[in-house]
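Report on the following structure.
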Amino acid sequence: MTSTRASKSDPIKKDQPPLLAVHNEDIALAFDEIADLLALTGENPFRIRAYRRAAQVVRSLPQELAPRIAAGFDPDLLPGIGADLANKIRELVSSGHFLKLDQLRRSVPAGLRELLALPGIGPQRARALHTALNIQNLSDLRHALASHQVRKVAGFGAKSEARLQQALDQTTLRPSRIPRHIARQYGEAITHYLTSLTGVTQVTLAGSYRRGCETVGDLDIVMCADRELDLSSALSRYSETSSSLVTGPTRCTILLRCGLQVDIRLVPPESYGAALYYFTGSKAHNIHVRRLASSSGLKINEYGVYRGRTRIAGDSEISVFSAVGLPFIEAELREDRGEIAAGLAGNLPALIERSQLLGDLHVHTGRTDGTATIDAMSEAAQRAGLQYIAITDHAKHIGLLHGLDATALTRQIDEIDAYNASQNQLTVLKGIEADVLADGTLSLPDHILKQLDLVVAAVHDHFDLPRRKQTDRLLRMLDNRYISILAHPSTRLLTQRNGIDCNWNEIFLRAAQRPCYLELNSQPSRLDLDDIQVREAAAQGILISIASDAHGITDFANLDYGLIQGRRGWLTSTQVLNTRPLTQLRKLLRNTFL
DNA sequence: GCCGTTTTCGGCCCGACTGTTTTCAGTCG
């Protein structure tokens with residue numbers, strides 16, 4: 001199958017189980033495609049939902065399924081995966097194919113799936129277009145629209161034609177998901193505008209933004225007012241509104257000029273908590289909690305929690321949780337990744353908070369590609385509430401001409417010693433960001449590295465090595481006793497570059513044994529490791545360094561992004577390296593040198 | 001297709017809005 005990143009030329013070694021590299025994402029994509037194709041054939045919607053849920057479950061797994069199955073793990077044990085889907089997963093892992101998917105692909109035109117991405121087109125209407133006009137793809141739809149055939153199909157009219165035409169004209173303009181820090185700018189601006197409206201008492205950004213997702217597809221806003229409010233006309237007056245897609249009295253959807261869609265819900269004050277809870281999601285979390293509620297005779301909607309017709313909760317989120325027997329669950333955890341069971345069992349983690357971060361172990365200066373001096377960065381760090389930072393400028397490497405060589409690094413070590421001697425407000429640790437070369441060795445010799453308080457290692461090139469080579473590269477790097485932290489481990493850039501292909505299970509295992517710590521890089525365009533990897537690494541006992549990778553004095557604010565990502569990875573303060581007081585931190589860093 | 005204090009069948013989260021119809025199916029979140 002095309003979505004399987006497998007190479008038939010990979011040699012099959014003895015005692016090496018994987019025949020084909022089938023990743024969790026490959027399984028999830030296949031299940032998603034089956035769900036779409038089943039929907040297009042008019043299948044039982046609950047059967048379709050089972051495939052979609054299975055895709056979500058597999059996608060959220062911290063470990064690759066294929067090697068676990070090879071080691072005897074039964075996928076039937078996963079929630080939402082029964083005997084049938086377990087067999088399908090085994091089939092894909094062992095053969096690289098889904099017979100079921102191959103059959104569906106033969107019976108449903110491939111291009112029909114494209115239509116599902118259009119607004120207002122779901123499986124029923126896509127089928128109607130196919131049946132009535134033999135439309136098989138977007139190109140066919142374009143032609144049918146041009147000759148006004150679409151309005152002749154039952155259920156379609158002139159407005160449908162116009163909306164579809166507009167959508168086709170805009171398909172290349174609409175952004176897909178955008179990074180959280182960019183969504184934030186638009187979200188804060190519209191929140192500010194809505195708050196300024198007469199009578200408005202509360203406005204909150206909900207949805208994936210509130211859950212702290214690294215990218216968001218649209219913005220969800222929940223608001224309430226103490227008097228009647230003409231929401232749609234207020235939104236039409238907003239300076240950034242490009243068009244209105246939905247204009248009801250309690251629900252509006254607009255498109256901003258930047259292309260971002262915003263959904264706004266207006267609810268009465270007594271329903272604010274229920275609405276905020278509902279529109280924060282995630283969908284999977286909501287469905288799970290609603291099922292939990294219905295098992296005790298309760299119904300949850302965006303207006304409250306109901307027993308029969310009696311409303312028993314809803315003014316605050318905590319009242320909703322309490323009504324169904326749950327403690328408050330932080331928004332970052334609401335992904336249906338075990339938080340509901342943990343809540344019921346009283347095992348929810350006490351998530352890391354910003355005030356608990358005492359230092360920052362990845363900071364640059366103007367000596368390499370930063371913009372400020374050691375003094376200036378230190379002052380900025382103090383203003384950010386930190387007690388220590390590590391200066392980790394780049395080591396000289398063929399790809400980075402301005403990196404520090406041994407001489408320049410020695411000079412910087414002296415500078416830092418002098419700075420620390422000159423004040424006692426904040427401690428500056430001596431570090432370096434060394435490149436991991438293609439063969440897993442470092443760009444500086446050991447006798448230089450051992451003079452430092454810590455060594456941060458990072459991959460900056462050779463992103464496309466095959467999985468085995470890339471994994472071996474990092475494993476060899478981990479053999480170097482002077483490395484303290486692996487920085488931005490996957491090297492991904494959000495929405496721009498995928499991470500390196502690597503067996504993270506092996507890396508985590510080795511890192512935990514050594515020990516070597518892993519960074520959660522807080523640059524909003526990196527957020528690397530991701531939430532699932534963070535959770536898995538921490539579960540294996542690896543301490544996580546939440547680091548700003550600051551290149552200038554304002555960049556310590558990045559820590560907030562890393563913090564939220566860490567919370568999504570269920571991190572508690574004890575699982576984070578830079579919550580440690582300096583003396584304890586020094587011991588932990590020396591451990592890596594053993 | 002999954003699942004069980006409703007356990008091998010019969011349920012499966014819930015409501016707002018739209019467009020095309022004259023009471024609602026489909027889509028969306």
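Here is the naming used below: chain letters follow the sequence lines, and residue numbers restart at 1 for every chain.
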Do A:Phe31 and A:Phe98 have ring centroids that are under 6.0 Å from one another? yes
Are A:Asp530 and A:Arg535 ion-paired here, with the side-chain N under 4.0 Å from a carboxylate O? no
From the list [options], which nucleotide is the closest neighbour of the side chain of [X]?
X        : options                : result
A:Gln124 : B:dT27, B:dG1, B:dT20  : B:dT27
A:Tyr278 : B:dT20, B:dT27, B:dC13 : B:dC13
A:Arg251 : B:dG29, B:dC13, B:dT18 : B:dG29
A:Val246 : B:dT20, B:dC17, B:dG1  : B:dC17

Whole Å only: how far is the CG atom of A:Leu292 from the P atom of B:dC12? 16 Å
Does a side-chain N or O of A:Lys299 approach OP1 or OP2 of B:dG15 to a distance below 4.0 Å, or not? yes
Taking only side-chain nitrogens and oxygens of A:Lys88, does any of them come within less than 4.0 Å of OP1 or OP2 of B:dG1? yes
Plane angle bin for A:Tyr193 and A:Tyr238 - parallel if under 30°, tilted between 30 and 60°, otherwise perpendicular: tilted
Determine whether a donor-acceptor pair (one donor, one acceptor, N or O, separation below 3.5 Å) exists between the side chain of A:Asp220 and the base of B:dG29. no
With distance as the sole criterion, do the side chain of A:Tyr303 and the base of B:dG15 form a donor-acceptor contact below 3.5 Å? no
Inter-nucleotide C1' distance (B:dC28, B:dC13), Å rounded: 14 Å
